[in-house]
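Some notes on the structure that comes next.
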Amino acid sequence: MKGISVKNLLGVKYLSKDDINLIFDTADSFKEILNRKIKKVPTLTGITIANLFFENSTRTKLSFELAEKRLSADVINFSKTGSSISKGETLIDTVNNILAMKVDIIIIRHPSPGVAEFLTRNTNSCIINAGDGTHEHPTQGLLDTYSITEKLGTVDNKRILILGDILHSRVALSNIFALKILGAKIKVCGPKSLIPKFINNLDVSYESNLDNGLAWCDAVNILRVQNERMNETYFPSLREYHNLYGVKMSSIKKLRKKILILHPGPINRGVEITSEVLDNKKTIVLDQVENGVAIRMAVLYLLATKRKDLTDFN
Ligand code: CP
């Protein structure tokens, strides 16, 4: 079997259509295992994985850890709080010290765009990007695209609306790359101030009106307003943001068709989506979370298989 073409997962932009299809096919097999009574396989026995989180996370951190444990890897966790970073240790020194403990794979979440790529150039390890600032969050882009594929059969020629704070989102770029590679049509929607100027270069168009965007799409992926990354005011108030770009039941009821509603989380209830839409099971948010474990198992398995130095099961 032809394996994945990359040695690290730095971004979806480095993946081919064959890579993404291989990840999805592999995730299908792992999803089947995750629905068994005994959800564990010995695939990564003997491999040690370090999860390095320099930013807060619930879904990605737990999902990677669970994926690693389901594959029988040995797992260690690092968070910035309580580490020797506060004593002035550099990132490269931190990672090289962790690698000296015979760690094979590094998962890293960090606020700085490009940090995963920086580590591939300055350390000798297999690196998986778990979200680098406003740049990419490849496993999230993959699991969102996988979840849409699972529900609609394909994303080829499907119309996907990405709604909200595109400017500060790493999920937006990874979704755009994955969806485009698989043939989807994409529009972004939100306040113009939260749309990056380079968006047209990605063959993605802009829709300013939420109701028009919802009427156009087969699926909408709603992104969180990332207040923690904003150093200035991008819209007058959260109330006005919600009035114009919050997904409400009134907008959903106006549609003469069913659309898929996704959100990668965490969710600001009452800002980008109302509790009424969320709690009426109008969304596939928890399907996304479930699929995240299978997608991360697939990525770990395919990268470990690629690195013949790590495994002898190739
Ligand atoms: N979707 C996502 O990245 O969530 P966390 O920040 O909780 O990991």
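Counting from 1, the numbers follow the sequence of the chain as shown. Note that these values count all heavy atoms, side chains included, but never hydrogens, waters or copies made by symmetry. Both counts, for ligands and for their atoms, begin at 1 and track the order of listing.
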Please determine if Lys254 and Asp211 form a salt bridge, counting it only when a charged side-chain N lies under 4.0 Å from a carboxylate O.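 Yes, Lys254 and Asp211 are salt-bridged.
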Does a side-chain N-to-carboxylate-O contact under 4.0 Å join Glu68 and Lys40?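 Lys40 and Glu68: not salt-bridged.
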Tabulating one pair per line, provide the atom names and distances (0.1 Å) for every N/O atom of ligand 1 that is less than 3.5 Å from a protein N/O atom.
unit_1   : atom_1 : unit_2 : atom_2 : d
ligand 1 : 1 (N)  : Gln140 : OE1    : 3.1
ligand 1 : 1 (N)  : Pro264 : O      : 2.9
ligand 1 : 1 (N)  : Gly265 : O      : 3.1
ligand 1 : 3 (O)  : Thr60  : OG1    : 3.0
ligand 1 : 3 (O)  : Arg109 : NH2    : 3.0
ligand 1 : 3 (O)  : His137 : NE2    : 3.0
ligand 1 : 4 (O)  : Arg59  : NE     : 3.0
ligand 1 : 6 (O)  : Arg109 : NH1    : 2.9
ligand 1 : 7 (O)  : Thr58  : N      : 2.8
ligand 1 : 7 (O)  : Arg59  : N      : 3.0
ligand 1 : 7 (O)  : Arg59  : NE     : 3.2
ligand 1 : 7 (O)  : Arg59  : NH2    : 2.9
ligand 1 : 8 (O)  : Ser57  : OG     : 2.6
ligand 1 : 8 (O)  : Thr60  : N      : 3.0
ligand 1 : 8 (O)  : Thr60  : OG1    : 2.6
ligand 1 : 8 (O)  : Arg109 : NH1    : 3.4
ligand 1 : 8 (O)  : Arg109 : NH2    : 3.3

Can you name the residues that form a side-chain hydrogen bond (donor to acceptor under 3.5 Å, both in side chains) with Tyr14, not counting sequence neighbours?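 Expected list: Glu117.
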If we only count heavy atoms from C-beta on, is the Arg269 to Leu278 side-chain gap below 4.5 Å?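 The answer is yes, as the side chains (C-beta and beyond) meet within the 4.5 Å cut-off.
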Should the pair His110 and Phe54 be assigned to parallel (<30°), tilted (30 to 60°) or perpendicular (>60°) ring geometry?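 Ring orientation of His110 relative to Phe54: tilted.
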Membership question, hydrophobic clusters at under 4.5 Å side-chain separation (ILVMFWY): are Val75 and Leu99 in the same one?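 No, because Leu99 and Val75 fall into different hydrophobic clusters, even though each may have its own neighbours under 4.5 Å.
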